[in-house]
Every structure is written in structure tokens, then in C-alpha cells.
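Please read through the structure below; I'll follow up with questions.
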Amino acid sequence: MKCSKCGVCCRLFRINLTEEEYKSGRYRTEFEEFGLVEDFKEAEMCGANIIMPNDDGSCMYLKEGRCSIHKTRPQSCRNFFCADKRFDNMIKKIDEYKKASIKRVE
Ligand code: SF4
């Protein structure tokens, strides 16, 4: 099964960067205005390693329904696939979101 590129996962979930990704400075992150948190465990605890969301909660790199940094997207984005049973809880949330979206359109 291939990714349908619906972009729902990029709207629903917060993306945690790895230590290397966080320290690379390649990504815009929550609380970046306060500077880099040197201790990565501390960064994780306060959520400083999370990609900055848009006002609607979607990932800031989601542009016109597509990932604008696809080739350099974070590892957690590479790992996730909504047909993989390991991600059951996330898949349920995606299904709920899609059903709610359909109801809003009807
Ligand atoms: S970085 Fe790209 S793939 Fe990852 S959540 Fe954001 S838009 Fe989606």
C-alpha cells in the first residue's frame, strides 16, 4: 500500500525531532525564540524539540497539502506509515479525523 498523500498525519500529530535533527538547526521548533536547549533531555521534557505548528495545529512544513521539506523530513515522519499496524492509535485518530471532515462537508 502506498501513501495516499492525504496530509492528515501532518495535520494531527506533533513531530518530535531527534537530538541530531534538533541541534542541526535545520528545522523551526517550538520555543526557538528562547534559543537552543543544550541538554536534549531537557529539550524533550519542555517540548523544545517539537516542530513549530501552524495556528491550526498542522505542521508548519505542510504547504498546500504536501510536505515542503519532503527530502529532508524528520526521521519520525519517515518512520510513520498509516497502514502500519504498529501505529494503531494514530491510525484510529486519522480515521476519526477523516470521518469528521466528511460530516462537515455533508
Ligand atoms: S515535516 Fe513534512 S512529513 Fe513531517 S509532519 Fe511536517 S509536513 Fe508532514
Side-chain angles (χ1 to χ4, degrees):
M1 189 175 167
K2 275 186 160 182
C3 172
S4 68
K5 299 182 178 159
C6 65
V8 174
C9 55
C10 309
R11 289 189 188 93
L12 283 182
F13 306 122
R14 298 291 175 273
I15 305 304
N16 287 280
L17 299 174
T18 64
E19 182 170 7
E20 186 189 345
E21 289 166 344
Y22 174 62
K23 291 188 172 172
S24 75
R26 286 197 311 264
Y27 306 96
R28 306 250 352 243
T29 53
E30 291 268 30
F31 316 123
E32 64 186 15
E33 65 271 29
F34 300 112
L36 190 80
V37 180
E38 286 299 331
D39 181 340
F40 186 66
K41 287 211 179 313
E42 203 177 298
E44 285 183 306
M45 280 176 56
C46 69
N49 68 320
I50 294 174
I51 286 189
M52 186 182 286
N54 291 312
D55 289 343
D56 66 0
S58 62
C59 174
M60 67 157 299
Y61 294 113
L62 185 68
K63 309 276 185 213
E64 296 172 10
R66 297 280 184 266
C67 177
S68 61
I69 57 166
H70 186 73
K71 284 188 179 160
T72 57
R73 67 197 186 284
Q75 194 58 49
S76 49
C77 303
R78 292 171 191 275
N79 293 344
F80 179 74
F81 184 49
C82 62
D84 186 331
K85 293 291 174 208
R86 287 178 302 160
F87 301 111
D88 245 8
N89 286 337
M90 293 165 85
I91 292 165
K92 277 184 200 142
K93 288 197 185 315
I94 288 172
D95 287 343
E96 287 165 14
Y97 180 93
K98 285 181 175 175
K99 282 178 192 149
S101 300
I102 289 166
K103 278 186 188 149
R104 278 197 296 271
V105 171
E106 288 173 347

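Atoms within each ligand, like the ligands themselves, are counted from 1 in listed order.
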Checklist entry - Which heavy atom of the protein is the closest neighbour of atom 8 (Fe) of ligand 1, given with residue, atom name and distance? => result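 So the nearest neighbour among protein heavy atoms is Cys10 SG, 2.3 Å.
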Checklist entry - Is any side-chain heavy atom of Phe31 less than 4.5 Å from a side-chain heavy atom of Val37? => result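 No; the side chains remain at least 4.5 Å from each other.
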Checklist entry - Which residue supplies the protein heavy atom nearest to atom 4 (Fe) of ligand 1, what is that atom called, and how far is it? => result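 Nearest protein contact, heavy atoms only, for atom 4 (Fe) of ligand 1 is Cys77 SG, 2.3 Å.
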Item to check | Enumerated ligand 1 atoms positioned under 4.0 Å from heavy atoms of Cys59 | outcome: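 Taking each heavy atom of Cys59 in turn, ligand 1 has 1 (S), 5 (S), 6 (Fe), 7 (S) under 4.0 Å.
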Checklist entry - Given the rule in the side chain to side chain contact (heavy atoms under 4.5 Å, CB included) test, do Phe81 and Cys3 qualify, once you have shown the distances and angles that lead to the verdict? => result CA-CA 7 Å; Phe81 184 49; Cys3 172; 4.0 Å; yes
Checklist entry - Relative to the heavy atoms of Ile15, which atoms of ligand 1 are at a distance of less than 4.0 Å? => result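 Going through ligand 1 atom by atom, the ones under 4.0 Å from Ile15 are 5 (S).
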Checklist entry - What atoms in ligand 1 come closer than 4.0 Å to a heavy atom of Tyr61? => result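 Listed by number with element, the hits are 7 (S).
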Checklist entry - If you look at every heavy atom in Lys23 and Leu36, which pair is closest and at what distance? => result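 Scanning both residues completely, I find the closest heavy atoms to be CA-CD1, 4.3 Å.
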Item to check | Glu21 to Pro74 - nearest heavy-atom pair and separation | outcome: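 Where Glu21 meets Pro74 most closely, the heavy atoms are OE2-CA, 3.3 Å.
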Checklist entry - Can you tell me how far CG of Leu62 sits from CD1 of Ile51, rounded to the nearest 0.5 angstrom? => result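 Here the rounded value is 11.0 Å.
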Next on the checklist: Under a 4.0 angstrom heavy-atom cut-off, which atoms of ligand 1 come close to Pro74?
Outcome noted: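 Listed by number with element, the hits are 1 (S).
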Checklist entry - Considering only the protein, which heavy-atom contact is closest to atom 2 (Fe) of ligand 1, and what is its distance? => result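 Here the nearest protein heavy atom works out to Cys67 SG, 2.3 Å.
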Checklist entry - Can you tell me how far OG of Ser24 sits from CD of Glu19, rounded to the nearest 0.5 angstrom? => result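 Spacing of CD (Glu19) from OG (Ser24) equals 11.5 Å.
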